[in-house]
Amino acid sequence: MKFADHLKNAADRDTLRLHTPGHKGGLCALDLTELSDGSFPDVAIAEAEARIAAHYKARHARMLCGGSSQGVKSAIYATGASGVADVNSHRSVSDGFLLSGKSATYVGRRGDVTPVTLDELKRGLKPSDGAVVVTSPTYYGYCADVDGISAFCKSRGLTFIIDGAHGAHFGASDLLPQGFADRCDICNVSAHKTLSALTQSAILLDNLDDARHAALDSAVEIMGTTSPSYLLYSSIDGAVDRLGRAADRYAALYAPIESLKREFPFLKNDDFTRLVLDCAALGADAGRLNAALCRRGVFSEMTDGRRIVFIVTADDEPQNIEILRGALTAAIAEQK
């Protein structure tokens, strides 16, 4: 039974809600807490997390309500070791080391769109380090040498942590990079970034032994809330279930996206759904071009001053790519 079914069954019961949340179902009947007779969430969480772990080929999975930030901080805190990390890491990486009381050496080129390399990690590694933290894919859709880094970490007894926030969809289609959860010790993915889950939904995956997994579980509890949103949990379970059937949707998006890339200077990255427009190659100001797109009702993920990043997911339709094409054509012409 899917988590959503457990949740609906609990919500549909004819009960007097003398428990949190204070709106008593008035805002949303499915916004439930644990029921004091133990009937919910009961086995719902364990079943959902087992399905998610199987999908990603990991030993364990934890659904998170605190975004990938909760997962990254938990992974670093639980590892309890100093380490080496990408200089362009998300702030949750430095937060994790700060909370753990351990130090990190940051390597790579600040502002680069590509991930840190194995050679850069090797040069930054200290004899006392016990962890390697890599961002893959990057915000710009480039993947690290996961196999090479994994082999190196195994040979040195290092814990390999991947911040894979933007790669939750990997492996869902042969057109996408393969998943990475089975090639590292711990990784996180953001279910709300590239899947169809609610904002703040994320997943923490690991291949740790029982003792180390228990330490990671404890860290998740420390970093998270004691009142998790079961709406978010339900959306995560549902999103991963839909991802398993999304290959045809990615196939339908591939040709329109590749056509768009031939017309405009997008970066040649590893993830075809991560569209990164190189505005400098157009001789255009990224901020002004992005503002022109917004005026036309097309909102990007972000701009960094030189580039504009657009995120396409399996919930997009092929015609959305054509809308983007028309908006870009008009916005670029406006800048000339």
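Heads up: numbering here begins at 1 and tracks the sequence. As the structure is a prediction and not an experimental result, all values here were calculated from the model. Heavy atoms only: backbone and side chains are in, while hydrogens, waters and symmetry mates are out.
- Shown here for V146 and S136, the closest heavy-atom pair between the two residues is CG2-OG, 4.1 Å.
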Tell me, with the steps shown, if L208 and R59 meet side chain to side chain contact (heavy atoms under 4.5 Å, CB included). CA-CA 7 Å; L208 304 175; R59 187 175 182 191; 5.9 Å; no
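- Here the side chains of I308 and V276 are not in contact, with every heavy-atom distance at 4.5 Å or above.
- The minimum heavy-atom distance between L204 and C187, with the atom names listed, is CD1-O, 3.4 Å.
- Between D304 and R307 a salt bridge is recorded (basic side-chain N to carboxylate O distance below 4.0 Å).
- Annotation: ring pair (Phe, Tyr, Trp, His ring centres under 6.0 Å) contacts involving residues 117-172, sequence neighbours excluded, comprise Y139-H166.
- Residues V134 and I203 share a hydrophobic cluster, clusters being chains of Ile/Leu/Val/Met/Phe/Trp/Tyr side chains in contact below 4.5 Å.
- Put simply, L98 and V93 are part of two different groups of oily side chains (I, L, V, M, F, W, Y) that touch within less than 4.5 Å, one to the next.
- Annotation: side-chain contact (heavy atoms from CB on, under 4.5 Å) contacts of D315 (sequence neighbours excluded): S196, T313.
- If you check the side chains of S150 and K154, you find a donor sitting under 3.5 Å from an acceptor.
- Within 6.0 Å of NZ on K8 lie no more than 12 heavy atoms contributed by other residues, nucleotides or ligands.
- In this structure, S234 contributes its side chain and Y230 its backbone to no donor-acceptor pair below 3.5 Å.
- Side-chain atoms of D163 come within 3.5 Å of backbone N or O of A165 as a donor-acceptor pair.
- Under the rule for a side-chain contact (heavy atoms from CB on, under 4.5 Å), the partners of A292 that lie at least two apart in sequence or sit in another chain are R295, R296, A331, E334, Q335.
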Counting only pairs under 3.5 Å, give me each side-chain donor-acceptor contact of residues 83-90, with atom names and distances, residues two or more places apart or in other chains.
residue : atom : partner : partner atom : Å
D86     : OD1  : N88     : N            : 2.9
D86     : OD2  : V116    : N            : 3.2
N88     : OD1  : G111    : N            : 2.7
N88     : ND2  : R109    : O            : 2.9
S89     : OG   : D86     : O            : 2.5
H90     : ND1  : S92     : N            : 3.0
H90     : ND1  : S92     : OG           : 2.9

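- Shortest non-hydrogen contact noted between D129 and S82 is OD1-OG, 2.9 Å.
- Under the 4.5 Å side-chain heavy-atom criterion for Ile, Leu, Val, Met, Phe, Trp and Tyr, V220 and V189 are members of distinct hydrophobic clusters.
- At a threshold of 4.0 Å, the pair D37-R13 counts as salt-bridged, since one of the basic side-chain nitrogens sits closer than that to a carboxylate oxygen.
- Within the structure, ring pair (Phe, Tyr, Trp, His ring centres under 6.0 Å) pairs that include any residue of residues 175-227 comprise H60-H213 (at least two apart or interchain).
- A donor-acceptor pair is defined here as one N or O able to donate and one able to accept, closer than 3.5 Å; such a pair exists between the side chain of S100 and the backbone of F97.
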Candidate pair E34 and T20, rule side chain to side chain contact (heavy atoms under 4.5 Å, CB included), full reasoning: CA-CA 9 Å; E34 298 92 343; T20 61; over 6 Å; no
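- Residue pairs meeting the ring pair (Phe, Tyr, Trp, His ring centres under 6.0 Å) criterion with at least one member in residues 6-38: none, sequence neighbours excluded.
- Ion pair D241/R245 flagged as a salt bridge, since at least one NZ, NE, NH1 or NH2 atom sits closer than 4.0 Å to an Asp/Glu carboxylate oxygen.
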Apply side chain to side chain contact (heavy atoms under 4.5 Å, CB included) to K193 and E301, showing your working. CA-CA 10 Å; K193 284 185 169 66; E301 167 68 10; 5.8 Å; no
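- Side-chain N/O atoms of N290 and T303 include no donor and acceptor closer than 3.5 Å.
- Linking ILVMFWY side-chain heavy atoms closer than 4.5 Å, directly or via other members, places V72 and I161 in a single hydrophobic cluster.
- Side-chain contact check for V298 versus L324: some heavy-atom pair is nearer than 4.5 Å.
- Of all heavy-atom pairs between S259 and R325, the closest is OG-NH2, 3.2 Å.
- By the 30° and 60° cut-offs, the orientation of the rings of Y233 relative to F3 is perpendicular.
- Remark: side-chain polar atoms of N269 are paired, donor with acceptor, to backbone N or O of R274 under 3.5 angstrom.
- Residue pairs meeting the ring pair (Phe, Tyr, Trp, His ring centres under 6.0 Å) criterion with at least one partner in residues 255-298, sequence neighbours excluded, are Y254-F272.
- Checked options S68, S69, S74; the residue passing with N188 is S68 (criterion: side-chain hydrogen bond (donor to acceptor under 3.5 Å, both in side chains)).
- Evaluation of the salt bridge (Lys or Arg N to Asp or Glu O under 4.0 Å) rule for R249 yields E317 as partners, not counting sequence neighbours.
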Audit row: T273, I311, side chain to side chain contact (heavy atoms under 4.5 Å, CB included) steps and yes/no: CA-CA 6 Å; T273 66; I311 297 178; over 6 Å; no
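- For the pair L7 and L32, the minimum side-chain heavy-atom distance is below 4.5 Å.
- Annotation for R183 and G179: closest pair NH2-O, 2.8 Å, computed over non-hydrogen atoms.
- Under the 4.5 Å side-chain criterion, counting only non-hydrogen atoms from C-beta, T159 is not in contact with V133.
- The pair R306-D278 meets the salt-bridge criterion, since a charged nitrogen lies less than 4.0 angstrom from a carboxylate oxygen.
- Within 6.0 Å of the CG atom in D12, the count of heavy atoms belonging to other residues, nucleotides or ligands exceeds 12.
- You'll find the side chain of M63 reaches within 4.5 Å of the side chain of I45, heavy atoms only.
- Side chains of T105 and L125 form no contact here, defined as non-hydrogen atoms less than 4.5 Å apart.
- Under the salt bridge (Lys or Arg N to Asp or Glu O under 4.0 Å) criterion, R62 pairs with E49, D217, E221, not counting sequence neighbours.
- In this structure, the side-chain contact (heavy atoms from CB on, under 4.5 Å) partners of S227, at least two apart in sequence or on a different chain, are T225.
- No side-chain heavy atom of D145 sits under 4.5 Å from any side-chain heavy atom of T117.
- Shown here for A251 and L175, the closest heavy-atom pair between the two residues is CA-CD1, 3.8 Å.
- Distance alone, capped at 3.5 Å, is enough to place a donor-acceptor pair between the Y56 side chain and the A168 backbone.
- Distance check: S229 OG to L232 CG gives 4.0 Å after rounding to the nearest 0.5 Å.
- Partners of D185 by salt bridge (Lys or Arg N to Asp or Glu O under 4.0 Å), not counting sequence neighbours: none found.
- When side chains are defined from C-beta on, I186 counts as touching L216, because their heavy atoms get closer than 4.5 Å.
- With hydrophobic clusters built from ILVMFWY side chains whose heavy atoms lie under 4.5 angstrom apart, Y106 does not share a cluster with L99.
- Within 6.0 Å of NZ on K261 lie more than 12 heavy atoms contributed by other residues, nucleotides or ligands.
- Counting only N and O atoms by type, the side chains of D182 and N207 include no donor and acceptor under 3.5 Å apart.
- S201 pairs by the side-chain hydrogen bond (donor to acceptor under 3.5 Å, both in side chains) definition with S235, not counting sequence neighbours.
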